[in-house]
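Quick notes on the structure that follows.
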Amino acid sequence: MSSDVTYRKMVSDDVPAVYEIEVASFPVPWTLDSFYYEVHENQYAHYVLAVDASGSIIGFCGMWMVIDAAQITNVAVIEAARGRGIGEGLMREAMQIARLHGMEVMTLEVRVTNTVAQNLYRKLQFQDGGIRKGYYTDNGEDALVMWVNL
């Protein structure tokens, strides 16, 4: 993992930068208002940011923590910073925060064709849990559900 990266919680002023990363990363991105809702209204949401040495946000990981389970909502890293362990760092940070909040399990969905992400999640001890048929609305692709005990 890159040593010039720090991790911190997202605040309202970070939303525009996070939204830019979202739009660049996903074919059906969340709206800007969705991220503001996550910060201001959703008591279950927690977003971790990856920030480089210059102070620029280069990635984020969102999760919802409900009762004893954390659900990863989205993870993205700017294209120029991919392959440097930023995604792994974001996931490790999210897992630690979830543990500190008493979560016992973490789950996520990932495209069945996204083997790079699947390999990262398996490296972090996630296991395959099942398939959600037609989960992704842009092309009807299936999602692989993965989970890990925290």
Side-chain angles (χ1 to χ4, degrees), residues 1-114 116-118 120-121 124 126 129 132-148 150:
M1 283 178 281
S2 186
S3 61
D4 62 341
V5 174
T6 57
Y7 300 92
R8 66 171 174 81
K9 185 176 182 177
M10 180 171 79
V11 297
S12 188
D13 287 346
D14 300 320
V15 168
V18 167
Y19 177 68
E20 281 186 36
I21 296 169
E22 174 83 2
V23 168
S25 301
F26 299 108
V28 183
W30 285 22
T31 66
L32 186 64
D33 286 344
S34 294
F35 285 105
Y36 280 116
Y37 177 83
E38 292 289 275
V39 172
H40 295 288
E41 303 293 331
N42 187 349
Q43 65 181 332
Y44 305 110
H46 188 102
Y47 281 72
V48 178
L49 303 181
V51 181
D52 70 11
S54 73
S56 296
I57 297 168
I58 57 172
F60 71 94
C61 175
M63 67 179 156
W64 296 335
M65 294 183 281
V66 181
I67 305 174
D68 63 354
Q71 166 70 33
I72 297 295
T73 57
N74 38 19
V75 182
V77 175
I78 64 169
E79 191 169 355
R82 292 179 189 161
R84 293 178 29 210
I86 309 299
E88 180 178 345
L90 284 163
M91 286 298 298
R92 289 186 184 281
E93 190 74 11
M95 292 169 78
Q96 180 62 22
I97 290 165
R99 283 186 200 99
L100 291 172
H101 283 87
M103 301 298 108
E104 297 176 8
V105 66
M106 180 174 277
T107 63
L108 56 80
E109 290 89 12
V110 59
R111 288 178 185 268
V112 294
T113 58
N114 191 345
V116 171
Q118 290 173 36
L120 167 61
Y121 302 140
L124 298 171
F126 278 77
R132 293 197 199 281
K133 292 284 187 192
Y135 182 80
Y136 292 97
T137 58
D138 63 317
N139 64 0
E141 185 174 353
D142 297 344
L144 173 62
V145 178
M146 301 183 81
W147 65 274
V148 66
L150 296 171

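Between the side chain of R99 and the main chain of L150, a donor-acceptor pair closer than 3.5 Å is present. Using modelled atom types, no side-chain atom of E22 and backbone atom of P29 make a donor-acceptor pair closer than 3.5 Å. Checking side-chain atoms of Q118 against main-chain N and O of V112 turns up a donor-acceptor pair under 3.5 Å. Without hydrogens or angle criteria, D52 side chain to V5 main chain gives no donor-acceptor distance under 3.5 Å.
Closest non-hydrogen pair, I97 versus V48, comes out as CD1-CG2, 3.5 Å. Annotation for T73 and W30: closest pair CB-CH2, 3.8 Å, computed over non-hydrogen atoms. What you find for V110 and A117 is that their closest heavy atoms are CG2-CB, 3.8 Å. Between Y36 and S12, the shortest heavy-atom distance links the atoms CE2-OG, 3.5 Å. A pairwise comparison of heavy atoms in A50 and L90 identifies N-CD2, 3.7 Å as the closest pair. Residues I72 and A94 approach most closely at CD1-CB, 4.4 Å, considering heavy atoms.
Counting heavy atoms from C-beta on, the side chains of T113 and Y136 never come closer than 4.5 Å. Between V66 and Q71 the shortest side-chain heavy-atom distance does not fall below 4.5 Å.
In this structure, CG on D33 lies 11.5 Å from CD on E41, to the nearest 0.5 angstrom. Rounded to the nearest 0.5 Å, atoms CZ (F126) and CG (L108) are 4.5 Å apart. Summarising the geometry, atom CD1 belonging to I21 is positioned 10.0 Å from atom CZ belonging to F26; distances are rounded to the nearest 0.5 Å. How far NE2 of H46 is from CE of M10: 9.5 Å, rounded to the nearest 0.5 Å.
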message = Pair M106, L124 - check side chain to side chain contact (heavy atoms under 4.5 Å, CB included), show working.
response = CA-CA 11 Å; M106 180 174 277; L124 298 171; over 6 Å; no
task = Before giving the answer on side chain to side chain contact (heavy atoms under 4.5 Å, CB included), spell out for D14 and R8 the whole-Å C-alpha distance, their side-chain angles and the decisive distance to 0.1 Å.
result = CA-CA 11 Å; D14 300 320; R8 66 171 174 81; 2.7 Å; yes
key: side chain to side chain contact (heavy atoms under 4.5 Å, CB included) assessment of M95 paired with M103   = CA-CA 9 Å; M95 292 169 78; M103 301 298 108; over 6 Å; no
query = Would V23 and Y19 count as a side chain to side chain contact (heavy atoms under 4.5 Å, CB included) if you check the C-alpha gap in whole Å, the side-chain angles of each, and the deciding distance to 0.1 Å?
reply = CA-CA 6 Å; V23 168; Y19 177 68; 3.4 Å; yes
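Each of N42, N74, V11, V39 was scored for a side-chain contact (heavy atoms from CB on, under 4.5 Å) with Y47, with one residue passing: N74.
Open room surrounds OH on Y44; 12 or fewer heavy atoms of other groups in view lie less than 6.0 Å from it. Enclosure of atom CD in E79 is not indicated, since only 12 or fewer non-hydrogen atoms of other residues, nucleotides or ligands lie within 6.0 angstrom. Around atom CG of L100, more than 12 heavy atoms belonging to other residues, nucleotides or ligands sit under 6.0 Å away.
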Give the table of side-chain donor-acceptor pairs shorter than 3.5 Å for residues 56-65, with sequence neighbours excluded, one pair per line with atom names and distance.
| residue | atom | partner | partner atom | Å |
| --- | --- | --- | --- | --- |
| S56 | OG | S54 | OG | 3.2 |
| W64 | NE1 | E38 | OE1 | 2.6 |

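By the side chain to side chain donor-acceptor pair (under 3.5 Å) test, R111 pairs with D138, N139, E141, sequence neighbours left out. Residues forming a salt bridge (charged side-chain N to carboxylate O under 4.0 Å, His left out) with R82 (at least two apart in sequence, or on another chain): none.
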